[in-house]
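Take a look at the structure below.
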Amino acid sequence: MQQTIERPGGAAVRIPAGRLLIDGQWRDAIGSGRIAVVDPATEQQIAEIAAATAADVDLAVQAAHRTFESTLWQKMRPLDRGRLLEKLALLIERDAEELARLETLDNGKPYFVSKNVDMRFTVDALRYYGGWSSKMAGEYLTLSPFFDDGGTYRAYTERRPVGVVGGITPWNFPLGQAIQKIAPAIAFGCTVVLKPSEEASLTTLRLGELILEAGIPDGAINIVTGYGHEAGQALVDHSLVRKIAFTGSTVTGQKILAASAVQMKRVTLELGGKSPTIVLADADLDKAIPGAANAIFPNSGQVCTAGSRLFIEASIFDEVSKGVAAIADELKLGSGFDTETQLGPLISARQMERVSGLVASGMEEGAEPLSGGAREDRSGYFYRPTVLTGGRANMRISREEVFGPVVLAMPIHDVRQIKTLANDTVYGLGASIWTKDLNKAHLLASQIDAGTVWINTHNILDTAVPFGGAKLSGIGREFGSEAINAYTETRAVCMRLEAPEFG
Ligand code: NDP
């Protein structure tokens with residue numbers, strides 16, 4: 001049953017039915033299990049979604065497999081797969097305001113962010129991958145056989161879709177992450193079973209309605225909501241799933257990698273981070289100070305590339321750390337439907353516990369807050385943007401991913417130590433360097449173990465640019481031309497040619 005919820009400012013948000021999309025049909029979970037959906041800004045339950053079990057996941061995977069093997073799918077022209085993605089992009093554009101309201105309700109982020117960041121990224125990604133559908137090129141190779149049997153040997157390679165893809169997504173950019181898995185899979189000829197985070201599944205369910213409206217063949221994209229340890233695990237373990245595309249925590253990524261080894265599934269893992277923001281003394285501080293604040297606070301710090309370790313050259317340490325703290329103090333927290341709100345709540349009580357616990361441990365170990373350091377005294381999971389100083393490298397707050405609006409500012413006493421400081425983490429996802437000297441910027445960029453290094457900016461993501469992590473931040477790359485490796489296998493076809501009349 002669908003319902004509509006009213007929010008401040010007259011926003012009416014239609015909630016999609018919390019059912020599973022399997023083989024083009026909406027259905028309830030076989031076990032009738034339900035999961036409560038909580039508005040993180042009010043802590044009130046607003047809806048329920050289905051809790052899929054292994055039996056539901058099996059139905060979804062079987063459907064995806066049937067569609068993958070079908071003549072319809074195998075013979076579909078690549079350009080027509082691209083056209084399906086374009087249709088979906090047009091429908092999302094048409095309903096962008098409705099989808100943005102739903103994202104704000106479910107995830108808590110401000111409406112202007114849902115509309116101008118999440119929806120735009122989603123539509124851009126669909127268009128970007130739509131273009132790739134017709135560009136699955138191979139190579140033509142000349143061979144050098146070590147015998148002469150009168151034949152001429154040649155080979156060509158072609159890209160083949162891996163098959164059924166299991167997409168598992170987190171709650172920080174729910175719709176964007178769903179498209180990040182679906183769009184390349186469809187572009188490169190795979191079919192998909194998607195398991196969104198149980199914390200934020202509503203826009204993915206609304207996307208399911210648009211998938212049907214776009215005329216995407218039944219079974220090509222299936223959506224199973226449910227718990228990670230049950231539905232997610234069943235997807236990872238299913239023998240017909242050939243690839244897992246996962247974004248989430250490093251711990252879950254490690255479990256998925258281990259489980260995937262049994263069937264030698266392909267995996268791409270986009271995991272956690274502890275990204276450094278490095279401000280050198282020659283930086284333009286009018287840009288670097290808001291830049292460092294913007295590296296950590298947007299989306300309430302729930303961004304995998306958030307700049308949560310802020311390294312500042314000692315001569316400008318006070319000016320930069322106090323500048324970032326002053327910005328933090330000014331940020332207005334509140335309902336994402338309030339037009340003045342700049343930061344929404346954390347996603348859940350569990351995330352609040354994690355962020356509060358890590359900050360408390362940092363303070364017990366000697367870190368001091370220049371701003372924030374506590375949750376707001378109100379209902380909703382609102383945590384004050386926090387700048388800590390006095391931290392040391394061996395503290396939990398310096399080493400563990402917080403995934404909240406919390407940054408630890410540390411001085412750089414010797415620039416020759418920057419490489420060591422920046423790389424002193426198990427993660428390697430992002431980093432930014434703030435300086436006017438491009439020599440320093442590029443030489444330093446080459447020394448940092450990170451999938452992405454930004455210069456005089458942070459968190460600029462574009463589907464044209466490969467994205468992924470080094471070390472415990474993940475395996476493989478999404479986006480850009482590298483996405484083709486993630487969703488296809490290379491097949492080599494080798495041939496012997498012989499026609500004496502042609503030599
Ligand atoms: P998880 O990694 O547990 O969740 C991410 C996704 O994986 C969700 O869909 C989850 O389902 C699913 N999942 C969980 N366990 C399994 C499993 N055994 N097999 C298959 N799928 C599974 O992240 P959390 O939501 O628990 O967040 C914890 C921490 O992870 C955060 O504090 C943050 O540090 C990090 N994180 C990083 C993200 C990133 O973008 N890199 C995004 C989100 C979190 P369900 O939600 O239903 O359990």
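These numbers come from the heavy atoms of this one structure, side chains and all, not from hydrogens, waters or symmetry mates.
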Set of residues satisfying side chain to side chain donor-acceptor pair (under 3.5 Å) with respect to [X], sequence neighbours excluded:
X: T203; value: E103
X: D377; value: none
X: R477; value: none
X: Q180; value: E478

* To do: Among residues two or more places apart or on two chains, list those pairs meeting side chain to side chain donor-acceptor pair (under 3.5 Å) that have a residue in residues 302-316.
  => T305-N459

* Closest non-hydrogen atom pair between N299 and N172, with its separation -> ND2-O, 3.1 Å

* Where V123 and A89 come nearest, the two heavy atoms and their spacing -> CG2-O, 4.0 Å

Listed by chain and number, what are the ring-ring contact (aromatic ring centres under 6.0 Å, His included) partners of [X], not counting sequence neighbours?
X: F403; result: W171
X: H458; result: W454
X: Y156; result: none
X: F121; result: F479

* **Counterpart residues, side chain to side chain contact (heavy atoms under 4.5 Å, CB included), relative to L285 (two or more places apart)** => V279, A283, A288, I289, I316, E319, V320

Which side-chain N or O atoms in residues 257-269 pair as donor and acceptor under 3.5 Å with protein atoms at least two apart or in another chain?
from, atom 1, to, atom 2, distance (Å)
S260, OG, I256, O, 2.7
Q263, OE1, K265, NZ, 2.0
Q263, NE2, D237, O, 3.0
K265, NZ, V236, O, 3.1
K265, NZ, H238, O, 2.8
K265, NZ, V241, O, 3.3
R266, NE, E489, OE2, 2.7
R266, NH1, M264, O, 2.9
R266, NH2, E489, OE2, 3.3
T268, OG1, K243, NZ, 2.8

* Measure from NZ or CZ of R378 to the centre of the six-membered ring of F382, then state whether that distance is under 6.0 Å and the direction lies within 45° of the axis. => yes

* To do: Give a yes or no on this: more than 12 heavy atoms of other residues, nucleotides or ligands lie within 6.0 Å of atom NZ of K287.
  => no

With a cut-off of 3.5 Å and sequence neighbours excluded, list every side-chain donor-acceptor pair involving residues 464-473.
from, atom 1, to, atom 2, distance (Å)
K471, NZ, N423, O, 3.1
K471, NZ, T425, O, 2.7
S473, OG, G272, O, 2.7
S473, OG, G428, N, 2.8
S473, OG, L429, N, 3.3

